[in-house]
Amino acid sequence: MQPTLSDSLLDYAGNSSPGRRRSHNEDALLCAPTLGLWAIADGMGGHQCGEVASSLALVALRQAVEDGEPLESAVRLANQAVLEAATDDGMGTTLVAAHFNGSDFELAWVGDSRAYLVSADGIAQLTRDHSWVQMMIDAGELEPAAAQGHAWRNIILRCLGRETPLEVGIAAGSLKPDELLLLCSDGLTNELTDAQIQASCTFADTLENLVEQLIEQANAHGGRDNISCIVIGRTAQPQATESRGRRFINMLLKPLKS
């Protein structure tokens, strides 16, 4: 279904960094506002197969949504595209995607790339990692506070390019004018806590600055992996003189600015 944005305006900003310890970037971003579609893929695989997998997955995802496929089905088609392109070295990618219809959105994810809802009241993780540490947390064998620094925190249990049929995480919500939707790869969340991510919203004047600050802070905390994030905000009263993505965050999260 094509999104209808007549009752609200969605602003966004996105960026990616290779981090401080990687020679190249295997993350890929998709920003397609005309489709109401945003996504991040975090690739993996030898001989730069990861960046092939992440880019290929997002191309297939966009095409499927353009063809009218529901988001979950589009993710499965992206998985098939990665499987068909895999070489002997193997390759795969995580994926988190948001598809908007007005202010309502659907989320689909595979792996440990995440979506958060950020407001003046706090930050909520909307996705649930398909990872070893999350499985241990669910089993009561690992405390959540210990997961971020765990040696096995990067072991994921699901990804595109590994198997079919693929089990896809699905969620839905509605973005209010005083909220932000954040999509990110684990290069961000392995370096910053949820509280640190939310705190960044108090210092950024624009969505672009927020993305830059998040990436800079993740790099300052080590930058051990590629870092990617997209932030999406809704403003109810756009002004004709403002450009896309240049509306101040203090209009969105005003209580955080007080």
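Atoms considered below: every heavy atom in the structure, side chains included; atoms not considered: hydrogens, waters and symmetry mates.
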Minimal non-hydrogen separation, Ser185 against Asp27, with atom names: OG-OD2, 3.0 Å

Taking atom CD as the centre, does Glu167 end up with more than 12 heavy-atom neighbours from other residues, nucleotides or ligands that are less than 6.0 angstrom away? no

Just verifying a value: how many Å separate His130 NE2 and Met135 CE, rounded to the nearest 0.5 Å? 12.5 Å

Any ion pair linking Arg128 and Asp138 (charged N to carboxylate O, less than 4.0 Å)? yes

Gap between atom CG of Leu58 and atom CH2 of Trp38 - 0.5 Å precision: 14.5 Å

Check whether any side-chain N or O of Ser54 sits under 3.5 Å from a backbone N or O of Glu51 as a donor-acceptor pair, and report yes or no. yes

Does the side chain of Leu181 come within less than 4.5 Å of Leu126's, by heavy atoms? yes

Knowing that exactly one of Leu117, Leu214, Ile232 qualifies, which makes a side-chain contact (heavy atoms from CB on, under 4.5 Å) with Leu182? Leu214

Once rounded to the nearest 0.5 Å, what's the spacing between atom CG of Leu192 and atom SG of Cys184? 9.5 Å

Locate the shortest heavy-atom distance separating Leu56 from Val82; write the atom from each residue and the value. CD2-CA, 4.0 Å

Closest non-hydrogen contact found for Ala13 with Val211 is O-CG2, 3.6 Å

Determine whether a donor-acceptor pair (N or O, by modelled atom type, separation under 3.5 Å) exists between the side chain of Asp112 and the backbone of Ser131. no

Anything under 30° is parallel, anything over 60° is perpendicular, the rest tilted; go ahead and classify Phe100 against Phe105. tilted

Could you check if a side-chain atom of Ile215 sits within less than 4.5 angstrom of a side-chain atom of Asn15, using non-hydrogen atoms only? yes

Within a strict 4.5 Å, meaning less than it, do heavy atoms of the Lys176 and Ser103 side chains meet? no

So CD of Glu212 and CG of Leu207: to nearest 0.5 Å the spacing works out to 11.0 Å

Give a yes or no on whether a salt bridge exists between Glu179 and Arg234, defined as a side-chain N under 4.0 angstrom from a carboxylate O. no

Side-chain heavy-atom pair Arg76, Gln80 within 4.5 angstrom cut-off: no

Ile123 with Ile227, same ILVMFWY side-chain cluster at under 4.5 Å: yes

Which atom of Thr94 lies closest to which atom of Ser113, heavy atoms considered: OG1-OG, 2.8 Å

Backbone of His24 reached by a side-chain donor or acceptor of Asn226 within 3.5 Å: yes

Should Leu95 and Ile40 count as side-chain neighbours, where that means a heavy-atom distance under 4.5 Å? no

My understanding is that only residues two or more places apart in sequence, or in another chain, count here; which of them pass salt bridge (Lys or Arg N to Asp or Glu O under 4.0 Å) with Arg224? Glu191

For the hydrophobic clusters of this structure (ILVMFWY residues joined by side-chain heavy atoms under 4.5 Å, transitively), does one cluster hold both Leu77 and Leu30? no

Cut-off 3.5 Å, side chains only: do Gln63 and Asp67 have a donor facing an acceptor? yes

Out of curiosity, does Val59 fall in the hydrophobic cluster containing Met91 (side-chain heavy atoms, cut-off under 4.5 Å, transitive links)? no

Is there side-chain contact between Leu188 and Ser228, with at least one heavy-atom pair below 4.5 Å? no

Heavy-atom pair with the smallest gap, counting every atom of Ala204 and Gln213: CA-NE2, 3.7 Å

Side chain to side chain donor-acceptor pair (under 3.5 Å) filter on Asp129, not counting sequence neighbours, yields Arg114

Value for SG (Cys159) from CG (Asp42), rounded to nearest 0.5 Å, stands at 10.0 Å

Looking only at heavy atoms, which two atoms of Asn25 and Ser16 are closest? And how far apart? ND2-OG, 2.7 Å

When rounded to the nearest 0.5 Å, the distance separating CG of Asn101 from CG of Leu71 is 12.5 Å

